[in-house]
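Below is one structure, written out as structure tokens, with a few remarks after it.
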Amino acid sequence: MMAAQDFNFLLATDSYKITHYKQYPPNVSKVYSYFECRRKKGAHFNEVVFFGLQYLLKKYLAGRVVTEEKIQEAKVFYQMHFKQAVFDEEGWRKVLEKYDGRLPIRIKAVPEGKIIPRGNVLFTVENTDPDFYWLTNYIETMLVQMWYPITVATISREFKKILAKHLKATSGSLEGLDIKLHDFGYRGVSSQESAALGGAAHLVNFCSTDTVAGLLMVQRYYGCPMAGFSIPAAEHSTIISWGKSREKDAFECLLDQFPSGPVAVVSDSYDIFKACKHIWGDKLKERVMERSEDSALIIRPDSGDPAQTLIEVIKILEECFGCSLNSIGYKVLPSYLRIIQGDGIDLNSINEILEKLSDEGWSAENVFFGCGSALLQKINRDTLNCAFKCSYVETNGKGMDVYKQPVTDPSKGSKRGRLSLRRNSDGFIETVERGAGKPEEDMLVTVFENGTILQEYTLDEIRKAAQLWEDDMSPSQHNKEDATTLEIHQKHIMNGVH
Amino acid sequence: MEQHIGTTDFNILLATDSYKVTHYKQYPPNTSKVYSYFECREKKTDPTKLRKVKYDKTVFYGLQYILHRYLKGQVVTREKIQEAKEVYREHFQDDVFNEKGWNYILEKYNGHLPIEIKAVPEGSVIPRGNVLFTVESTDPECYWLTNWVETILVQIWYPITVATNSREQKKILAKYLKETSGSLEGLEYKLHDFGYRGVSSQETAGIGASAHLVNFKGTDTVAGIGVIKKYYGTKDPVPGFSVPAAEHSTITAWGKDHEKDAFEHIIKQFPSVPVSIVSDSYDIYNACEKIWGEDLRSLIEMRSADAPLVVRPDSGNPLDTVLKVLEILGKKFSPTENSKGYKVLPPYIRVIQGDGVDINTLQEIVEGMKKHRWSIENIAFGSGGALLQKLTRDLLNCSFKCSYVVTNGLGVNVFKDPVADPNKRSKKGRLSLHRKPNGDFVTLEEGKGDLEEYGQDLLHTVFRNGKIVQNYTFDEEWRRFMCAYTAREDFALLDRRTERRKYRQRNIHSLIDVAKLPPLLYNT
């Protein structure tokens, strides 16, 4: 697959990297770097889902990424940007002449979808030709953006753990788990491309989404024709456009237009409680009751405190429609009626809501969740401390393990030497430094070399690799390395927001 | 400007929230118009956590990018309708897609979107709670189109929020720079964009970096410049600049015992321009004291004021580290006292703090420096994640809501007003934005703007039926920013008329005669 045509790879880096070819020691012939989600004391997430590299490789790195036009464009640009000629024109022309514009780089990576504990190498990058020692870190800027699909896929999976735990505990099964969290984040991300990437990362764990861009991304880059599903649903404009006095007519229109299949109706335009009690629970009660289990009405609150509102709504619905007990004694609304909470959902609130529900005797089967910015936008590179660092160089034919170790922050220390990833005799995944790893044990796979993608993964394979483990579904955690409990994990996704 | 029709494989029929595919069936029968608007809602009842920064005004920026890239020209084709039909069939497991509606647009409008968008000029600085743009369908058959494009238009929250947050940081820097040095020289280079690797995608990098460049001129996020040149245009060759700088790999590759050799090599590679050298790979304090302060001191002292060494710490508590670095450098390179009585290092050496910088730590650092009698002339800042990524739609409560419909020929003012959250109440009817005689902005609802009591509507048609009818160049953005900047309350910084004039002359990087601006918008 060819990388994007009008994208100029030479302009896709931090400006200062243009000047780095002049800064390495003389006679450097190899620069070897790696990427990890650094471990940090008190961190909330112990393991990460590796996902998204294939997109970058296919879209930006594979095939012929250098042309004479691109070299010229970059040269002119950098002259003005730095107000001097500092761009390495000759270096890039060599890539063009020697490799027909293909990147003489090797990338080895963990298979996509794999769950890896923090603090381990996830991929390594090195130049394959001594003339291009400067290329390894030139592509850091682009590769570090891997933080995003990794973080979305990881957070999405953390949501899944919470949902699984409560669903199992209050219903005895995990049926419907993969549609419990719906992606509502398309409008709240920073761009179309981020929507596609983030939306795709969520689909590693779930198959419910309204972020259409994610479906297309997965179709084009991960070989899955249709990775996610949705249902007809109202928005405020389709309710309020009927006028304040005609909310009932608006609701009824929804039921009429979508008689078969589930339909979600946002019900808080004026007063969610009155809507549930007087419209759904009274004026339209019969219409609701005649719907089948496959065509449930899903009521959507969208304001107020999420947990409180949900509890109050479910109590009103219980009054109006009754409920039954499931096989393990939790209350379930009639099968034609469900609720979706799509406002204010994050890892904290979802756990709080499910706890409150089960405290009041309600099964998690009753509720679905929608999540927007907490899933796709309210995260950053510090959420999992994603970093790319040089760990090994060859100068004058000699190899040297290199690292940083700032006295002002030990957690920013980097790994040394050539790295590999293995499962040790206790079954735990660990990184071997200083080139001491045995090739046959190395979990890292060469995925890219000299412009060619050597290994691809499908979404099906990725989904399988990222499945929840047995331990994830019960309160006791499986990471034996530190003493933090699940409760602590679930506090605060972000640090340092305004 | 190029006449391309958005991105070739972009399909607007697939660029919406799934549920919107089903909305054409949900509006009242005989609806012939849906009219919606966008605002950065005011949040009146603030929860217990008091925000340090208020963000009461927002910079309007980024619509032009969306219009040019995604909405203009022929965006509907037979192939795109077919593609959407197939996708939605599988996605909904049902035929719910409005094929007929999109075919109508293809046939009647040659695939151009029959909507009209009216907006505040780009670069305008407008208080929260005011309408910023409106969207309405121009063809009765296409009532459903207005909110189809909500998803793509609401993403304007991002450039608005980056530009606004960047501007608030500029205000902080300006205040302390003025107080500690008596001038605003170099202000536009005091906050450098380090955010390329920390954003969620290449596209986000371009949009966000361009939004920062509305306020500043220093950036390493090359993508932003491409967005400005392609979608806005500028008289300058480029709107953003950078300098040679080291990263950890170019230092550590020399080996732990050769940090001095690395420093020396790099400083010699760039003798006549500023060069920034990250100095914390092993021990920032030792690097400042021994290597810069002793071993390489003579090399540094040779450098001119145009080509300083800029020492870059990159770890530890930002304020503590900055103060300690300044203290050490101050001992080795004697500072002088400026006209305001603050210490300035010799012109050949400066500091850049590029780690952990956000609007709160920025305030802490400049305040801390002032307390320790260090002028802000000594320092520049770099910001990455906090500048371009650590932001959400909730920061400025960006929201798109329907406020008016026409059904059975009758106009109806519509709104939501959830009982559990008064902040989420939306505006009613047709909206317009005006300036009162005292300079305050006001949004008129329910079509009251037609009465002409408040003068001209500040919302201008920018897009109509597939054509962009108003373009703003990036220079105009600057101008509007500048004028907003010299709006009354910001004038506290610039106390005399002569100072104001000098500042304008010195700091607008071209072309702009502020006096010639339309008086309606800008009274200075």
Side-chain angles (χ1 to χ4, degrees), chain A residues 11 14-16 19-20 22-25 80-82 84 137 141 144 148 186-188 190-191 193-194 197 210 212 216 226 229-230 232-234 236-238 240-243 253-254 257 261 268-271 303-304 373 377-378 380-381 390 393 400 402 404-409 412 497-498, chain B residues 14 17-19 22-23 25-28 53 90-91 94 96 147 151 154 158 196-198 200-201 203-204 207 220 222 237-238 241-242 244-246 248-250 252-255 266 269 273 280-284 315-316 321 385 389-390 392-393 402 405 412 414 416-421 424:
Chain A
L11 295 175
D14 292 287
S15 309
Y16 74 158
T19 72
H20 290 171
K22 290 191 171 194
Q23 300 180 21
Y24 286 106
M80 297 188 295
H81 183 55
F82 283 102
Q84 59 163 350
N137 274 35
T141 314
V144 167
Y148 182 64
Y186 202 164
R187 71 193 65 175
S190 44
S191 68
E193 187 179 9
S194 293
L197 202 38
D210 258 40
V212 182
L216 304 176
M226 184 47 62
F229 305 93
S230 187
H236 288 101
S237 83
T238 63
I240 68 179
S241 51
W242 293 72
C253 175
L254 262 295
Q257 290 291 339
D268 79 322
S269 300
Y270 312 108
D271 187 331
S303 49
S373 66
Q377 182 61 30
K378 214 171 179 179
N380 57 79
R381 193 162 71 94
C390 176
V393 297
M400 178 169 59
V402 298
K404 63 182 271 197
Q405 187 69 66
V407 71
T408 26
D409 190 351
K412 278 192 166 190
V497 154
H498 315 284
Chain B
L14 292 170
D17 293 287
S18 309
Y19 74 157
T22 72
H23 290 170
K25 290 189 173 197
Q26 302 178 21
Y27 287 103
V53 186
E90 291 306 306
H91 183 54
D94 196 8
V96 75
N147 275 36
T151 315
V154 165
Y158 179 65
Y196 204 165
R197 71 191 65 175
S200 44
S201 67
E203 185 181 6
T204 294
I207 299 169
D220 259 43
V222 179
V238 284
F241 304 93
S242 188
H248 288 100
S249 82
T250 63
T252 63
W254 292 74
I266 297 170
Q269 287 291 325
V273 283
D280 79 320
S281 300
Y282 313 108
D283 184 341
I284 175 72
S315 49
T321 309
Q389 179 62 30
K390 271 181 186 171
T392 66
R393 192 163 71 92
C402 175
V405 296
V412 185
V414 299
K416 62 180 274 195
D417 190 6
V419 71
D421 194 351
K424 280 192 166 189

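Hydrogens, waters and symmetry mates play no part in the numbers below; they use all other heavy atoms, side chains included. First the proteins, then the strands, lettered A, B, ... as listed; each starts at 1.
When heavy atoms are compared at a cutoff of 4.5 Å, H91(B) approaches chain A by way of both its backbone and its side chain.
With respect to chain B, the highest number of heavy-atom pairs below 4.5 Å among C390(A), G188(A), S241(A) belongs to S241(A). For the options R381(A), H81(A), M80(A), heavy-atom pairs under 4.5 Å to chain B are most numerous at H81(A). Among the candidates F229(A), Y186(A), Y148(A), Y270(A), the residue making the largest number of heavy-atom pairs closer than 4.5 Å to chain B is Y186(A). Among A245(B), A420(B), C402(B), the residue making the largest number of heavy-atom pairs under 4.5 Å with chain A is A245(B).
For the residue pair Y27(B) / S237(A), a side-chain donor-acceptor distance below 3.5 Å is found, with atom types taken as modelled. Checked by atom type, the side-chain pair T408(A)/T321(B) shows no donor-acceptor distance below 3.5 Å. Donor-acceptor pairing under 3.5 Å is lacking for the side chains of S373(A) and T392(B).
Applying the side chain to side chain donor-acceptor pair (under 3.5 Å) test to T22(B) and every residue at least two apart in sequence or in another chain returns Q26(B). Shown here are the salt bridge (Lys or Arg N to Asp or Glu O under 4.0 Å) partners of R187(A), two or more places apart in sequence or in another chain: D17(B), E150(B).
Rounded to the nearest 0.5 Å, atoms OG (S230(A)) and CG (D94(B)) are 12.0 Å apart.
P244(B) places a side-chain heavy atom less than 4.5 Å from the side chain of F82(A).
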